[in-house]
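Comments concern the structure below.
Below, read A as the first sequence line, B as the second, and so on, with proteins coming before strands; counting in each chain starts at 1. Both backbone and side-chain heavy atoms feed into the values below; hydrogens, waters and symmetry mates do not.
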Amino acid sequence: MATLWGKKRNSPQRGREHRGLPRVRPLPEGFYLGDPAAVARQLLGKLIVRKLDGQTLVGRIVETEAYLGKDDPASHSFPGLTARNSVMFGPPGRAYVYFIYGMHYCLNVSCEPDGVAGGVLFRALEPVSGLAEMAKLRGLPDGASPRLLTSGPGRLCQALGIVREGINGVDLTSPRSALYIGDDGFVPEGVMVTPRIGIRKASDLPLRFLISGNKFTSK
DNA sequence: GGAGCGATGTCCT
DNA sequence: GGACATCGCTCCG
């Protein structure tokens with residue numbers, strides 16, 4: 001049994017179970033319509049589902065950061081629309097993947113209505129299933145500490161086989177996508193808010209959200 | 001276990 | 001040409 005840093009809503013409930021596992025409902029586009037801070041907070045506890053080479057990799061979101069469009073110098077969308085950041089300006093619920101420091105990818109989901117920039121960066125997941133494959137993708141020995149798999153924005157992309165090609169712009173609200181986000185009813189018991197990390201500009205704003213006490217958050 | 005630092009590609013000035 | 005929403009390795013305590 002995986003460690004659960006929270007509790008189930010409405011559980012157990014007949015009809016929601018599937019082969020002993022809670023049913024996962026994709027989050028609709030409307031979920032991402034709000035401002036990035038609200039969406040970042042609400043994404044805690046949700047599941048990221050990655051279908052890759054016939055396998056399904058799943059991680060629970062335990063750490064997020066909000067990046068506003070206008071008035072946020074730290075956001076990629078701050079300088080205005082470019083080829084690189086165009087997904088942030090598009091419809092909500094799409095994957096924005098960018099390449100950073102010459103070797104790492106980072107995954108975001110777009111927020112706000114079409115035409116308005118904003119997004120949420122995924123900073124850490126708690127691995128739920130497919131741990132052996134995640135370790136392989138990370139180049140770690142099978143049985144390596146699960147904390148090394150998805151604790152960090154670059155790590156989680158590597159563990160889920162996320163690159164720009166083929167993933168950037170993907171619709172995260174559709175279970176037919178190779179990558180989508182779902183809700184299994186899990187509700188975090190406590191949430192912490194801190195300033196964002198790893199950035200130089202606007203590093204004082206409290207826009208980083210974590211599940212309190214979770215062991216899989218980043219440093 | 002923590003501070004320091006090098007690796008490395010892409011985007012925008 | 002410089003900055004960069006990172007990571008993992010060293011070296012030191």
Linking Ile, Leu, Val, Met, Phe, Trp and Tyr by side-chain heavy atoms under 4.5 Å, what else ends up with Val87(A)?
Tyr67(A), Leu81(A), Met88(A), Phe89(A), Tyr96(A), Tyr98(A), Ile100(A), Tyr101(A), Leu121(A), Ile199(A)

With heavy atoms under 4.0 Å as the rule, sort Arg123(A) into base, sugar-phosphate or nothing.
sugar-phosphate

So, with a heavy-atom separation below 4.0 Å from DNA chain B, the residues of residues 158-173 of chain A are Arg164(A)

5' to 3' contact window, DNA chain B with chain A (heavy-atom distance under 4.0 Å):
dA7(B) to dC12(B)

Hey, are Asp184(A) and Arg60(A) close enough for a salt bridge, meaning a charged N less than 4.0 Å from a carboxylate O?
yes

Expected output check: what is the dot-bracket annotation of DNA chain B, where ( ) and [ ] are pairs inside the strand (brackets for crossing ones), | is paired with another strand, and pairs are Watson-Crick or G-U under 3.5 Å?
|||||||.||||.

So which of residues 138-150 of chain A are in contact with DNA chain C, with a heavy-atom cut-off of under 4.0 Å?
Arg138(A)

Nucleic acid contacts of residues 72-84 of chain A, taken as heavy-atom distances under 4.0 Å to DNA chain C:
Ala74(A), His76(A)

What verdict does the side chain to side chain contact (heavy atoms under 4.5 Å, CB included) test give for Val97(A) and Val163(A), after you've listed the backbone C-alpha separation in whole Å, the side-chain angles of each residue and the deciding distance to 0.1 Å?
CA-CA 7 Å; Val97(A) 182; Val163(A) 295; 6.0 Å; no

I need the full list of side chain to side chain donor-acceptor pair (under 3.5 Å) pairs touching residues 199-210 of chain A, with sequence neighbours left out, sorted by first then second residue.
Glu63(A)-Arg208(A), Thr194(A)-Arg208(A)

Just checking Lys201(A): base, sugar-phosphate only, or nothing, at a heavy-atom cut-off of under 4.0 Å?
sugar-phosphate

List the residues meeting side-chain contact (heavy atoms from CB on, under 4.5 Å) with Pro175(A), not counting sequence neighbours, and say none if there are none.
Pro26(A), Tyr180(A)

Side chain to side chain donor-acceptor pair (under 3.5 Å) involving Asn168(A) - partner list, sequence neighbours excluded:
none

Sort and list the pairs that fulfil salt bridge (charged side-chain N to carboxylate O under 4.0 Å, His left out) and have at least one residue in residues 98-116 of chain A, not counting sequence neighbours.
none

Between the side chains of Asp72(A) and Arg196(A), is the shortest nitrogen-to-carboxylate-oxygen separation below 4.0 Å, so that they form an ion pair?
yes

Less than 3.5 Å apart, any donor N or O on the side chain of Ser218(A) or Arg123(A) sitting next to an acceptor on the other?
yes

Compare all side-chain heavy atoms of Thr173(A) with those of Phe31(A) and state whether any distance is below 4.5 angstrom.
no

Given Asp171(A) and Arg94(A), is the salt bridge (charged side-chain N to carboxylate O under 4.0 Å, His left out) satisfied, shown in steps?
CA-CA 5 Å; Asp171(A) 183 0; Arg94(A) 308 300 154 98; 3.7 Å; yes

Need one value for Gly102(A): base, sugar-phosphate or nothing, where a base atom within 4.0 Å counts as base even if backbone is also close, heavy atoms only.
base

Would you find a donor on one side and an acceptor on the other, under 3.5 Å apart, between the side chain of Ser110(A) and the backbone of Pro91(A)?
yes

Remaining members of the apolar cluster that contains Phe78(A), side-chain heavy atoms under 4.5 Å
none

Check whether any side-chain heavy atom of Gln42(A) lies under 4.5 Å from a side-chain heavy atom of Leu27(A), and answer yes or no.
no

Flag, side chain of Arg50(A) to backbone of Val58(A), donor-acceptor distance under 3.5 Å
no

Please determine if Arg138(A) and Glu133(A) form a salt bridge, counting it only when a charged side-chain N lies under 4.0 Å from a carboxylate O.
no

Answer yes or no for Arg164(A) and Tyr105(A): cation-pi contact, defined as NZ/CZ to six-membered ring centre under 6.0 Å and angle to ring axis within 45°.
no

For DNA chain C, note the earliest and the latest nucleotide, 5' to 3', having some atom under 4.0 Å of a heavy atom belonging to chain A.
dC4(C) to dG8(C)

Test item: Leu43(A) and Ile181(A) side chains (from C-beta on) under 4.5 Å apart, heavy atoms
yes

